[in-house]
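Computed over heavy atoms, backbone and side chain alike; hydrogens, waters and symmetry mates excluded.
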Amino acid sequence: MIHPPVPLGTFPTPLEPAPRLAAALGLGPDDLWVKRDDLTGLGGGGNKIRKLEWAVGAALAEGADTLVTTGAPQSNHARLTAAAGARLGLRVVLVLRGAPGASRSGNLALDGLFGARLAWAGAVDQAGLDAAAAEVCARLRAGGSRPALIPFGGSSVLGARGYLRCGAELREQLPDLRTAVVALGSGGTMAGLVAALGSASVLGVDVGALADPAAAVAEFATPLTTEEVAPEGLRIRRDQVGAGYAALTGPVREALRLAARTEGLALDPTYTGRALAGLHAAVRDGGIRPGEKTVFLHTGGLPGLFGHPDALAFAEEGATVLDG
């Protein structure tokens, strides 16, 4: 049974033209649009809210009083889960990789402000993180709580329904859309867009969160469509990961600067920065061409900039001192 979503965000989000950024990327002035899913409202905004509406709706329907989820220390999904819990009067436990003290800013600061409790899992892979979350849920149940485990990144077939709706918004806002470009992390955002728009109309830019992101997207998208989604039929760029998920690469530096100085758009170094770097690369190699309507999906994540020392230092270097 599919339970109805619980309202958490403000929709539809705006679709804005980006002519100066388009020109900087090598596109025509009417070619590029930005879907502002950073303006979803709750907890600083971002794409995870669309997924959480469905996942938390199911948790409430099943009688949960506590939300448990996993992520990296600067997880946007964890931050928005904490915000959702605060709005709905639910306790939230965030099971995070690493150890306390590694970072005290960005999303972690907001986690604390929203009242989340943290459980540090140490240096674990995804399987180890999942095991740590299961153990936390078992302890909570033993103590009389009713926890609901929200999947990594909020990504599941259920969570992807949030981006099925987003795809429908895009079709209404820009009927001649050719390509929607989106950061590909845990897979649910791209999966919902693929289900709504078709594999040929969505370009995912891998950020390095999963070993096999194509398989995840296909798994989440297929139940939402009438036909099977094949991993090999997806448009995915894997050339922007660089040294890894937390690394600040040269193309991402350029993407952060371009978005900020052409359109006043603030991107983050892990997701939207990589997505724009991937869009730029696609224009250079002909994967995206002038004359085609392209949407850049701004999935939010600004607090991640403030939790990334290298990106923060790079941003600060851009401010010059006025002589005299």
Visitor: Judged by atom type as modelled, is there a donor-acceptor pair below 3.5 Å linking the side chain of His298 to the main-chain atoms of Ala266?
Guide: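 Confirmed, His298 side chain pairs with Ala266 backbone.
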Visitor: As an exercise, state the distance from CD1 of Ile49 to OG1 of Thr40, rounded to the nearest 0.5 Å.
Guide: 3.5 Å
Visitor: Given the rule that I, L, V, M, F, W and Y join up when any side-chain heavy atoms are under 4.5 Å apart, are Leu39 and Phe11 in one cluster?
Guide: no
Visitor: How many angstroms lie between atom CG of Asp111 and atom OG1 of Thr81, to the nearest 0.5 angstrom?
Guide: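 It comes to 9.0 Å.
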Visitor: If you take all heavy atoms of Ser155 and Gly187, which pair is closest and at what distance?
Guide: OG-N, 3.9 Å
Visitor: Answer yes or no: is there a side-chain heavy-atom contact under 4.5 Å between Leu224 and Tyr163?
Guide: no
Visitor: Has Thr222 got a side-chain atom pairing as donor or acceptor with Glu219's backbone, closer than 3.5 angstrom?
Guide: no
Visitor: Show, in sequence, the C-alpha distance, side-chain angles and deciding distance for Thr299 and Asn76, and conclude whether the side-chain contact (heavy atoms from CB on, under 4.5 Å) test is met.
Guide: CA-CA 10 Å; Thr299 51; Asn76 296 306; over 6 Å; no
Visitor: With Asp37, which of Pro12, Cys166, Pro14 fulfils side-chain contact (heavy atoms from CB on, under 4.5 Å)?
Guide: Cys166
Visitor: Search all heavy atoms of Leu184 against all heavy atoms of Pro213 and return the closest pair with its distance.
Guide: CD2-CB, 3.6 Å
Visitor: Does atom CZ (Arg165) have a neighbourhood of more than 12 heavy atoms from anything else shown, all under 6.0 Å?
Guide: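 Not more than 12 within 6.0 Å, no.
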Visitor: Look at the side chain of Arg146 and the backbone N and O of Gly63, then say whether any donor-acceptor pair between them is shorter than 3.5 Å.
Guide: yes
Visitor: More than 12 heavy atoms of other residues, nucleotides or ligands under 6.0 Å from CD of Glu172: yes or no?
Guide: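 At most 12 heavy atoms, drawn from other residues, nucleotides or ligands, come within 6.0 Å of this atom.
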Visitor: So which of Glu292, Lys293, Arg235 actually passes side-chain hydrogen bond (donor to acceptor under 3.5 Å, both in side chains) with Thr179?
Guide: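 Among Glu292, Lys293, Arg235, the one meeting side-chain hydrogen bond (donor to acceptor under 3.5 Å, both in side chains) with Thr179 is Arg235.
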Visitor: Do Leu52 and Val6 sit in one hydrophobic cluster, given that two such residues count as connected whenever their side-chain heavy atoms are within less than 4.5 Å of each other, even indirectly?
Guide: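 They do share one cluster, since a chain of ILVMFWY contacts under 4.5 Å joins Leu52 to Val6.
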Visitor: Using a 3.5 Å distance criterion without hydrogens, assess whether the side chain of Lys51 forms a donor-acceptor pair with backbone atoms of Gly153.
Guide: yes
Visitor: Do His308 and Thr270 have a side chain donor and acceptor closer than 3.5 Å?
Guide: no
Visitor: Given side chains that start at C-beta, do those of Leu129 and Val95 come closer than 4.5 Å, heavy atoms only?
Guide: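 Sidechains of Val95 and Leu129: in contact.
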Visitor: Minimum heavy-atom separation for Thr70 to Ala133, with atom names?
Guide: CG2-CB, 3.5 Å
Visitor: When you measure from the side chain of Arg91 to the backbone N and O of Thr66, does any donor-acceptor pair fall under 3.5 Å?
Guide: no
Visitor: Hey, mind stepping through Thr294 and Asp31 against side-chain hydrogen bond (donor to acceptor under 3.5 Å, both in side chains) and telling me if it holds?
Guide: CA-CA 6 Å; Thr294 299; Asp31 293 345; over 6 Å; no
Visitor: Answer yes or no: is there a side-chain heavy-atom contact under 4.5 Å between Leu108 and Leu96?
Guide: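 They are in side-chain contact.
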Visitor: Grab the two heavy atoms, one from Ala255 and one from Ala277, that are nearest each other, plus how far apart they are.
Guide: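 Heavy atoms only, the tightest pair is CB-N, 3.8 Å.
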Visitor: Report the distance from atom CD1 of Ile150 to atom NE2 of His77, rounding to the nearest 0.5 Å.
Guide: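 With rounding to 0.5 Å, CD1 (Ile150) is 6.5 Å from NE2 (His77).
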Visitor: Dump the intermediate steps for side-chain contact (heavy atoms from CB on, under 4.5 Å) on Leu193 and Leu170, then the final yes or no.
Guide: CA-CA 9 Å; Leu193 292 175; Leu170 281 172; 4.3 Å; yes
Visitor: List the atom pairs, donor and acceptor, that lie under 3.5 Å between side-chain atoms in residues 194-201 and the rest of the protein, sequence neighbours left out.
Guide:
none

Visitor: In Å and rounded to the nearest 0.5 Å, what is the CG to CG distance from Asp125 to Asp130?
Guide: 8.5 Å
Visitor: Of the options Thr272, Leu21, Val182, which is the one that meets Phe296 in a side-chain contact (heavy atoms from CB on, under 4.5 Å)?
Guide: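 Of Thr272, Leu21, Val182, side-chain contact (heavy atoms from CB on, under 4.5 Å) with Phe296 is met by Thr272 alone.
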Visitor: Please examine the side chains of Trp120 and Pro73, heavy atoms only from C-beta on, and report whether any two atoms are closer than 4.5 Å.
Guide: yes
Visitor: According to a hydrophobic-cluster definition based on side-chain heavy atoms being under 4.5 Å apart (Ile, Leu, Val, Met, Phe, Trp, Tyr only), do Val207 and Phe314 belong together?
Guide: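 Hydrophobic grouping puts Val207 apart from Phe314.
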Visitor: Taking Arg274 for its side chain and Val241 for its backbone only, find out whether a donor-acceptor pair lies under 3.5 Å.
Guide: yes
Visitor: Considering all heavy atoms of both residues, which atom of Ala281 and which atom of Arg237 are nearest to each other, and what is their separation?
Guide: CB-NH2, 3.6 Å
Visitor: Tell me who clusters with Leu305, hydrophobic residues only, linked when side chains sit under 4.5 Å apart either directly or through other members.
Guide: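 Result for Leu305 is Leu302, Phe306, Leu312.
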Visitor: Is the shortest distance from a Lys or Arg side-chain nitrogen in Glu135 or Arg139 to a carboxylate oxygen in the other one below 4.0 Å?
Guide: yes
Visitor: Given the rule that I, L, V, M, F, W and Y join up when any side-chain heavy atoms are under 4.5 Å apart, are Val56 and Leu110 in one cluster?
Guide: no
Visitor: Could you list all the ring-ring contact (aromatic ring centres under 6.0 Å, His included) pairs where at least one residue sits in residues 182-240, not counting sequence neighbours?
Guide: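 Of all non-adjacent pairs touching residues 182-240, none passes ring-ring contact (aromatic ring centres under 6.0 Å, His included).
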Visitor: Working to the nearest 0.5 Å, report the span between CG of Leu67 and CG of Leu90.
Guide: 5.0 Å
Visitor: What about Val68 and Leu80, same hydrophobic cluster or not, with Ile/Leu/Val/Met/Phe/Trp/Tyr joined at side-chain heavy-atom distances under 4.5 Å?
Guide: no
Visitor: Please report the interatomic distance CG(Leu203) to CG(Leu279), rounded to the nearest 0.5 Å.
Guide: 7.5 Å
Visitor: Taking the cut-offs as 6.0 angstrom to the six-membered ring centre and 45 degrees off its axis, would you call Arg79 and Phe114 a cation-pi pair?
Guide: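 No, a cation-pi geometry is absent between Arg79 and Phe114.
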Visitor: Begin from the C-alpha positions of Ile288 and Leu25 and carry the test side-chain contact (heavy atoms from CB on, under 4.5 Å) through to its verdict.
Guide: CA-CA 11 Å; Ile288 290 177; Leu25 296 176; over 6 Å; no
Visitor: After noting the C-alpha distance and the side-chain angles of Val34 and Val295, does the key distance pass the side-chain contact (heavy atoms from CB on, under 4.5 Å) rule?
Guide: CA-CA 6 Å; Val34 181; Val295 169; over 6 Å; no
Visitor: Which residues pass the salt bridge (Lys or Arg N to Asp or Glu O under 4.0 Å) test with Glu263, not counting sequence neighbours?
Guide: none
Visitor: What ring-ring contact (aromatic ring centres under 6.0 Å, His included) pairs are there with at least one residue in residues 48-70, not counting sequence neighbours?
Guide: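 Listed once each, the pairs would be none.
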Visitor: Do any N or O atoms from the side chain of Gln74 and from the backbone of Gly304 form a donor-acceptor pair under 3.5 angstrom?
Guide: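 No.
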Visitor: Could I get the full list of side chain to side chain contact (heavy atoms under 4.5 Å, CB included) partners for Arg261, not counting sequence neighbours?
Guide: Arg257
Visitor: Taking all non-hydrogen atoms of both residues into account, name the closest pair between Ala218 and Leu234 and its distance.
Guide: N-CD1, 4.3 Å
Visitor: Under a 4.5 Å cut-off applied to non-hydrogen side-chain atoms, are Leu297 and Asn47 in contact?
Guide: no
